[in-house]
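The structure under discussion appears below in the form of structure tokens.
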Amino acid sequence: MTTESAFETAQAQLRIAVDQLGLSENDWQTLSTPRRVLEVAVPLRRDNDKVEMYKGYRVQYSTTRGPSKGGVRFHPDIDLEETVALAMLMTWKCALTNLPFGGAKGGIAIDAATLSDRENERLTRRYTSEILPIIGPERDIPAPDVGTDERNMAWMMDTYSVNAGYSVPGVVTGKPIVLGGSLGRNSATGDGVAISTREALRARGINPVGATVAIQGFGKVGYWAAIALENMGLKIVAVSDVHGAVTGFKSVSDLWNHFLKNKNLDAPGTDRLTNEELLHLEVDVLIPAALSDAITGKTAPGIKAKIVVEGANAPTTPEGDAIMNDKGILVVPDILANSGGVIVSYFEWVQDKQNYFWDVEEVKTNLNSIMMKALYEVEAMAKDRKVTWREAAHMLGVSRVAEAHKLRGLYP
Ligand code: GLU
């Protein structure tokens, strides 16, 4: 089967899990259908007074295990189908890590880099007001994703609160700390990627100290993963951003300091690589931490890493996955590897509900224990059922949603 879209990939992965679990056609019907899909028009008044219309989405794929949860993506390529796919992945991710959430995703088809701060604020507020009836701390809790950050969450929280008439911090996660955000949320996805990398190296019998890593993406996920891995003693040999990849830097913090000053990755002593050269480096670990469809039938054959840890959502197509499996590469799948973000989002939501805030050690300790449990369960299931880590992760996530469906029953 040739598939290119994240939607087809997600559907194919679900089909495999349903078959491996021996679930019924009725289960397939309930599990493969998003529960609530909203498409809105988002008008934006540009700073020059011109009005432009953009498409916005919010998909609540599942609310079976609790309120739906998932990020808001600002990216020109986002469409309804991809939003459904990403909301589906959030559903299995939350179930796999045992968070009391369903899955959701939202977004606007726009390039966030083209927006001034004022335009970004107006767009975010209008989008929030369009999806307002279906979000809320007990309904659906947005968070940052590609192209959005804590500023967008502050505007979303404010727009929702102004309409409610009182402050509702629990409506979004990934907020600034002073508005009820959680310590450790910024680095959470990268920290979780680093924990996953450490455990995958253990499973393969490779010493993390001195192990080599290439990271595609140097944003919210890739940067923090690089920092955490460097602290664990691994050697980051290459990273990339949208403009291409670099190698030869002294340390990640050196490269970051250069980037902050010069807005490019060309620190002294570095060499340029193409994105494909980065994917094909001779390293122990490759971390795709950018967008979907990075590892495909075309790019997978050249991968030389022993372990691939998916920091991004849906970075691998089924063909890319099959090729990596044939090569014996251990793949830590997205719904496990990048679950650190939503796990600490859960902590943020709990802290907002209780109005009681944890110190960063408590956040990190609890993140580690939730991730370790999920990693061990996936590893054990993969061994037991002789399946890949991706298949095991989906089986665990999907089976928990299916079980919750069964126990709740079908209304009426
Ligand atoms: N956007 C992140 C993800 O894909 C985080 C979602 C959340 O925190 O709700 O997992």
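These numbers come from the heavy atoms of this one structure, side chains and all, not from hydrogens, waters or symmetry mates.
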side-chain hydrogen bond (donor to acceptor under 3.5 Å, both in side chains) partners of residues 211-221, not counting sequence neighbours, each pair once: T212-D284, Q216-N275

Only pairs at least two apart or in different chains count here, so list each side-chain hydrogen bond (donor to acceptor under 3.5 Å, both in side chains) that has a residue in residues 187-204. S187-D191, D191-K364, R198-N368, E199-R202, R202-E379

Show your reasoning for whether side chain to side chain donor-acceptor pair (under 3.5 Å) applies to E362 and T365. CA-CA 5 Å; E362 187 163 1; T365 307; over 6 Å; no

I'd like to know if K353 and E138 make a salt bridge, using a cut-off of under 4.0 Å between side-chain N and carboxylate O. yes

Determine whether N152 and T124 satisfy the following criterion, side chain to side chain donor-acceptor pair (under 3.5 Å), listing intermediate values before the conclusion. CA-CA 6 Å; N152 300 89; T124 304; 3.1 Å; yes

Name all residues meeting the side chain to side chain contact (heavy atoms under 4.5 Å, CB included) criterion together with A188; count only those two or more places apart in sequence or in a different chain, and write none if there are none. R185, V344

Using atom types as modelled, flag every donor-acceptor pair under 3.5 Å from a side chain in residues 109-116 to any protein atom, sequence neighbours excluded.
| from | atom 1 | to | atom 2 | distance (Å) |
| --- | --- | --- | --- | --- |
| D111 | OD1 | A113 | N | 3.0 |
| T114 | OG1 | D111 | O | 2.7 |
| S116 | OG | D47 | OD2 | 2.6 |
| S116 | OG | E119 | N | 3.1 |

Between Y54 and I108, which heavy-atom pair has the shortest distance, and what is it? CB-CG2, 3.8 Å

Considering non-hydrogen atoms only, spot the tightest contact between M372 and I195 and give its length. SD-CG2, 4.2 Å

side-chain contact (heavy atoms from CB on, under 4.5 Å) between V239 and F249, intermediate numbers included: CA-CA 10 Å; V239 301; F249 44 88; 4.2 Å; yes

Enumerate the residue pairs fulfilling side-chain hydrogen bond (donor to acceptor under 3.5 Å, both in side chains) with a member in residues 229-248, sequence neighbours excluded, ordered by first and then second residue. none

Would one find more than 12 heavy atoms of other residues, nucleotides or ligands at under 6.0 Å from atom CZ of R118? no

For I16, side chain to side chain contact (heavy atoms under 4.5 Å, CB included) partners two or more places apart: Q20, E391

Apply side-chain contact (heavy atoms from CB on, under 4.5 Å) to residues V350 and W358 and explain how you reach the verdict. CA-CA 10 Å; V350 167; W358 311 352; 4.3 Å; yes

In short, ring pair (Phe, Tyr, Trp, His ring centres under 6.0 Å) pairs touching residues 109-161 with sequence neighbours left out are none

Sequence neighbours left out, what passes side chain to side chain donor-acceptor pair (under 3.5 Å) with K250? Give chain and number order. D254

Restricting to non-hydrogen atoms, name the atom on R46 and the atom on R122 that form the minimum distance, rounded to 0.1 Å. C-NH2, 3.7 Å

Looking only at atom types and distance, does a side-chain atom of S369 sit under 3.5 Å from a main-chain N or O of N366, one as donor and one as acceptor? yes

When E377 is tested against each of R385, K383, R400 for salt bridge (Lys or Arg N to Asp or Glu O under 4.0 Å), which residue passes? R400

With a cut-off of 6.0 Å (strictly less than), are more than 12 heavy atoms of other residues, nucleotides or ligands near NZ of K298? no

Kindly write out the residues that satisfy salt bridge (Lys or Arg N to Asp or Glu O under 4.0 Å) with D384, not counting sequence neighbours, or none if the list is empty. none

Would you confirm whether T83, through its side chain, and V59, through its main-chain N or O, come within 3.5 Å as a donor-acceptor pair? no

Quick check: does any side chain N or O of R58 sit under 3.5 Å from a backbone N or O of E130, one acting as donor and the other as acceptor? no

Compile the donor-acceptor pairs under 3.5 Å between side chains in residues 94-107 and protein atoms, sequence neighbours left out, one pair per line.
| from | atom 1 | to | atom 2 | distance (Å) |
| --- | --- | --- | --- | --- |
| T97 | OG1 | K93 | O | 2.7 |
| T97 | OG1 | C94 | O | 3.4 |
| K105 | NZ | D145 | OD1 | 2.8 |

Pairwise side-chain contact, P67 with R139, heavy-atom cut-off 4.5 Å (strictly under): no

Tell me whether W349 contacts the main-chain N or O of P137 through its side chain, where contact means a donor paired with an acceptor under 3.5 Å. yes

Please check: side-chain N/O of Y61 versus main-chain N/O of L31, any donor-acceptor pairing under 3.5 Å? yes

Min side-chain heavy-atom separation V246-D271 under 4.5 Å: no

If we ignore hydrogens and angles and just use 3.5 Å, is the side chain of T316 paired with the main-chain N or O of D293 as donor and acceptor? no

Using modelled atom types and a 3.5 Å cut-off, is there a donor and acceptor pairing between side-chain atoms of E277 and backbone atoms of T274? yes

Is the backbone of P318 close enough, under 3.5 Å, to the side chain of T9 for a donor and an acceptor to pair up by distance? no

Distance check, rounded to the nearest 0.5 Å: E310 atom CD versus I295 atom CD1? 6.5 Å

Is a side-chain N or O of N264 found less than 3.5 angstrom from the main chain of D266, in a donor-acceptor match? yes

Are there more than 12 heavy atoms of other residues, nucleotides or ligands under 6.0 Å from atom CZ of R36? no

I'd like to check V40 versus R126 (side-chain heavy atoms, cut-off strictly below 4.5 Å). Are they in contact? no

CA sep, side-chain torsions, deciding dist, call: R73, L86, side-chain contact (heavy atoms from CB on, under 4.5 Å): CA-CA 10 Å; R73 181 172 287 204; L86 294 169; 3.7 Å; yes

With sequence neighbours left out, the residues meeting side chain to side chain donor-acceptor pair (under 3.5 Å) with R125 are E121, D158, T159

Would you indicate whether E52, at its atom CD, is surrounded by more than 12 heavy atoms from other residues, nucleotides or ligands within a distance under 6.0 Å? yes

Nearest heavy-atom contact between R390 and D334 is NH1-OD1, 4.1 Å

Do any N or O atoms from the side chain of H394 and from the backbone of I335 form a donor-acceptor pair under 3.5 angstrom? no

As a quick check of understanding, evaluate side-chain contact (heavy atoms from CB on, under 4.5 Å) for L336 and L375, giving each step before the final call. CA-CA 7 Å; L336 178 59; L375 280 154; 3.7 Å; yes

Applying ring-ring contact (aromatic ring centres under 6.0 Å, His included) to F218 and not counting sequence neighbours gives Y223, W256

Audit row: K55, D79, salt bridge (charged side-chain N to carboxylate O under 4.0 Å, His left out) steps and yes/no: CA-CA 8 Å; K55 281 192 172 154; D79 58 18; over 6 Å; no

In I236, L286, V237, V252, the residue satisfying side-chain contact (heavy atoms from CB on, under 4.5 Å) with I215 is I236

Run the numbers on Y346 and E348 for side chain to side chain donor-acceptor pair (under 3.5 Å), then give the verdict. CA-CA 5 Å; Y346 165 58; E348 181 172 333; over 6 Å; no

Smallest separation among heavy atoms of M371 and S339, with atom names: CE-OG, 3.6 Å

Any idea which heavy atoms bring P144 and D149 closest together, and the distance? CB-CA, 4.1 Å

At what distance, to the nearest 0.5 angstrom, does OG of S253 lie from CG of N257? 6.5 Å

